[in-house]
Amino acid sequence: MAREISSVGVIGLGTMGAGIAEVLARSGVSVVAVEIDDDGVHRGRGHLEHSTERAVTGGKLDADGRSELLDRIRYTTSLAELSDVDLVIEAIPENLEAKSDVFAQLDKITGPDTIFVSNTSSLSITEIGVHTARPGKVVGMHFFNPAPILKLVEIVRTVVTEPEVVTDVVAFAERLGKTPVVIGDRAGFIANALLFGYLNHAVRMYEQRYATREDLDAAMRFGCGYPMGPLALLDLIGLDTAYEILDTMYHQSRNRLHAPAPLLKQMITAGLLGRKTGQGFYTYDEPDSPTVTDAVTKSTVSKSDTVVPREVRKVGVVGTGTMATGIVEVFAKRGYEVILRARSAEKAAASVARVKKSLDKAVVKGKLSEEDAAAALGRISPAVEFEELADVDLVVEAVAEDLAVKQAVFAALDDVVKPGAVLATTTSSLPVIECAAATSRPSDVVGVHFFNPAPVMKLVEVVSTIATAPDVIATVDAVCAAAGKHPVHCGDRAGFIVNALLFPYLNDAVKMLEAHYAEADDIDTAMKVGCGLPMGPFELLDVVGLDVSLAIQRTLYNEFREEGFAPAPLLEHLVTAGRLGRKTGKGFKDYSAR
C-alpha cells in the first residue's frame with residue numbers, strides 16, 4: 001500500500017515550480033515553497049496569484065477555493081524549513097551542479113524517509129541521486145508545462161530506486177489527477193527524447209531556408225493536427241531550455257540529429273530566447289506574451305504575390321484511387337469543371353460513384369445542400385483517353401507511387417495537353433523533377449501534395465523544382481485559395497516538409513520500443529497527454545500502414561544518408577512478417593479482437 005504524502009516542499013518558483021505548487025495545493029497538499037531570495041519569492045507568489053486568478057475568471061475555481069489553495073502554500077528562502085516534509089520536488093534551472101548541491105543539502109536537513117524528486121526534463125536522475133546518502137529514495141517526476149493543465153507526469157526510476165518509492169510516487173501522481181508513465185533514466189525520457197529531435201530538425205530546415213517559419217508551422221498544424229508548429233513551440237519552451245535539453249541528449253546519445261542546430265546557439269547569444277524575451281523565431285508584442293506581431297500570412301518562398309497566375313477554369317485529374325477521388329470532389333465543389341481520367345470506363349464510373357456517395361454523406365450531415373451536391377456532381381466528366389484532357393488548364397496526377405508509372409502519365413500528358421497548362425503531381429515522396437523530366441515542358445511541372453482525406457484536410461504542400469516557373473507556383477497558390485486549402489511551399493527533396501519531420505520522429509519511437517525503454521502504450525500516452533498530439537506514434541504508424549511508413553523512411557534515408565534516418569529493424573521485421581497495421585488487423589498493436 002502506498003504511503004500517505006501530506007506535505008511537500010517545492011524548491012524553485014519559476015513557471016514550472018509555481019505550477020507544481022499550484023497543482024499540489026489544489027489537491028489538498030500542504031506546500032512549503034522555497035526560493036533563493038525575497039525577490040524570487042515575490043515573483044513566485046505573483047505567478048501563483050496570477051494563475052489562480054485566471055482560473056477563477058475562467059470558471060475553473062471559485063474565490064473561496066482560490067483562497068484555500070493559496071493558504072496551503074507557505075513561502076520561505078530557507079531549505080531548513082523542509083525538515084518535516086514527506087517529499088521534496090526540486091524545480092530549479094537545468095544545471096546538474098546546482099541540482100546536485102540542493103540534494104546534498106536536503107540530505108542533511110530532511111528525515112531519512114523523505115523522498116527526493118527532481119523535475120528535470122533531461123538531466124540524469126542517477127547523477128543527481130549519487131550526491132545523497134539515499135539514492136534509493138531519489139526519483140524523477142517530470143511535469144509538463146503548464147503543470148496545472150497538462151496531465152502527463154514521467155516517473156523516472158534509476159537502477160537503484162527502491163520499488164516502493166516508485167509505487168508511492170505513482171500513487172501520489174494519480175492523486176494529483178495526473179497520468180503517470182514509469183520509465184528508466186536516460187536523456188530526454190520519452191516525450192523530450194522524441195519531441196526535441198523533431199524540433200531540432202525543423203530548425204535545420206528553417207536554417208537552410210528550405211521553408212519559411214510560417215510554412216513549417218502551418219504544415220505540422222494542418223498536416224498532422226499538432227496544436228502548435230515546431231518553431232512556435234520552441235519559442236514557448238524557450239530556445240535556451242531547448243538548447244540545454246538537446247545538448248544533454250546529444251552527449252548521451254551521440255546521435256547527430258540531437259546536436260543542437262547552430263542557429264539555436266546564435267539566437268541565444270543574441271538574446272532571442274522566445275516568448276519570455278519577446279523575440280525568438282517570431283516577435284511578440286511584449287515579453288511573456290503569446291501575441292505575434294510579425295507573422296506573414298502568405299509564404300514568401302514563391303514570391304507569388306508579384307507574379308500573375310495563369311487562368312484555371314477546367315481541371316483534369318488522372319487516377320481513381322482514394323486520393324484522386326477526393327481531389328475531384330474538392331475541385332467540383334468549388335466550381336471547377338473536372339475531367340476524371342481513368343484506365344477504363346468502369347473504373348471512371350466507380351470513382352464518380354464514390355464522389356457521389358461522399359457528397360450525399362455531406363448533405364445528410366448538413367454540410368452541403370442537395371442543390372450544391374447535384375451541381376458539383378454535374379461538373380464531373382469521366383474520361384478514358386488522355387486526349388480528353390487536351391484543353392484543361394491544370395492536370396493533377398494522382399496515380400500509384402511508382403516513378404515509372406508517373407513518368408508514363410507525364411509523357412502522355414505532354415503529348416496531348418495544351419501549351420501553358422500546369423502539370424501537377426500529388427506524389428508524397430518521389431522527386432517531382434523526375435516527373436518533369438518526362439516532359440518537354442519541365443517549367444510547367446509542380447508538386448501539389450494533398451493530404452488524406454483531401455475533402456477534409458486543409459494542407460497542400462506546393463513543391464517547386466529547380467525548373468518550375470514562378471507563375472506556375474502563383475497559379476497553384478490561387479487554385480488552393482479558391483479550393484479552400486492552405487498552401488505551404490518547399491523545395492523538391494524527399495519528404496517535403498511534413499513527412500520529413502514526421503517520419504524520423506516515428507522511427508525514433510520504434511527505436512525506443514525496440515530498446516525496451518518503454519511500452520508502446522506508454523510512449524503513445526506520453527506523446528498524446530504530454531505534447532497534445534492527436535495520436536501516439538504507434539497508433540499513427542498502424543493507421544498509415546507499416547509498409548507505407550517503411551517505404552517513406554527508406555526514401556528519406558536514401559536521400560539524406562543520415563544514420564539516424566535508417567529504418568528501425570523492428571519496423572522492417574514487422575513488415576516482413578505481414579503485420580502492416582490496421583489494414584491487416586495487426587501492427588504494433590492487435591486489432592483482430594477489437
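Since the model is a prediction, treat every value here as computed from it, not as a measurement.
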Arg134/Asp113 salt bridge by N-O under 4.0 Å criterion: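 No, Asp113 and Arg134 are not salt-bridged.
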
Using a strict 4.0 Å threshold on nitrogen-to-oxygen distance, state whether Glu81 and Arg74 make a salt bridge.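 The answer is yes: the pair qualifies as a salt bridge.
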
Contacts of type salt bridge (Lys or Arg N to Asp or Glu O under 4.0 Å), residue Asp235, not counting sequence neighbours: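 Checked Asp235 against salt bridge (Lys or Arg N to Asp or Glu O under 4.0 Å); zero matches.
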
Determine all donor-acceptor pairs shorter than 3.5 Å in which one atom belongs to a side chain in residues 532-540; sequence neighbours excluded.
from, atom 1, to, atom 2, distance (Å)
Glu539, OE1, Lys528, NZ, 3.3
Glu539, OE1, Gly536, N, 2.9
Glu539, OE2, Lys528, NZ, 3.2

Donor-acceptor pairs under 3.5 Å, side chain of residues 264-274 to any protein atom, not counting sequence neighbours: which ones?
from, atom 1, to, atom 2, distance (Å)
Thr269, OG1, Lys265, O, 2.8

Test of understanding: with ring-ring contact (aromatic ring centres under 6.0 Å, His included), list the residues that count as partners of Tyr282, not counting sequence neighbours.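 Scan of Tyr282 (ring-ring contact (aromatic ring centres under 6.0 Å, His included), adjacent residues dropped) gives none.
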
My understanding is that only residues two or more places apart in sequence, or in another chain, count here; which of them pass ring-ring contact (aromatic ring centres under 6.0 Å, His included) with Phe451? His449

Extract all donor-acceptor atom pairs below 3.5 Å that involve side chains of residues 155-162 and protein atoms in other chains or at least two apart in sequence.
from, atom 1, to, atom 2, distance (Å)
Thr158, OG1, Val160, N, 3.1
Thr158, OG1, Thr161, N, 3.1
Thr158, OG1, Thr161, OG1, 2.9
Thr161, OG1, Val138, O, 3.1
Thr161, OG1, Thr158, N, 2.8
Glu162, OE1, Lys137, NZ, 2.9
Glu162, OE2, Lys137, NZ, 3.3

Partners meeting side-chain hydrogen bond (donor to acceptor under 3.5 Å, both in side chains) with [X] (sequence neighbours left out):
| X | answer |
| --- | --- |
| Asn507 | none |
| Arg72 | none |
| Arg43 | none |
| Glu562 | Arg256 |

Tell me, which pairs form a salt bridge (charged side-chain N to carboxylate O under 4.0 Å, His left out) where one or both residues lie in residues 3-32, sequence neighbours left out?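 As it turns out, the salt bridge (charged side-chain N to carboxylate O under 4.0 Å, His left out) pairs with a partner in residues 3-32, which skip direct neighbours, are Glu4-Arg175, Glu22-Arg26.
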
Could you tell me whether His486 and Phe222 have their ring centroids closer than 6.0 angstrom? yes

Distance-only criterion, 3.5 Å: show the donor-acceptor pairs between side-chain atoms of residues 183-192 and protein atoms not counting sequence neighbours.
from, atom 1, to, atom 2, distance (Å)
Asp185, OD1, Ile125, N, 3.1
Asp185, OD2, Ser124, OG, 3.1
Asp185, OD2, Ile125, N, 3.1
Asp185, OD2, Thr126, N, 2.8
Asp185, OD2, Thr126, OG1, 2.6
Asn192, ND2, Ser121, O, 3.2

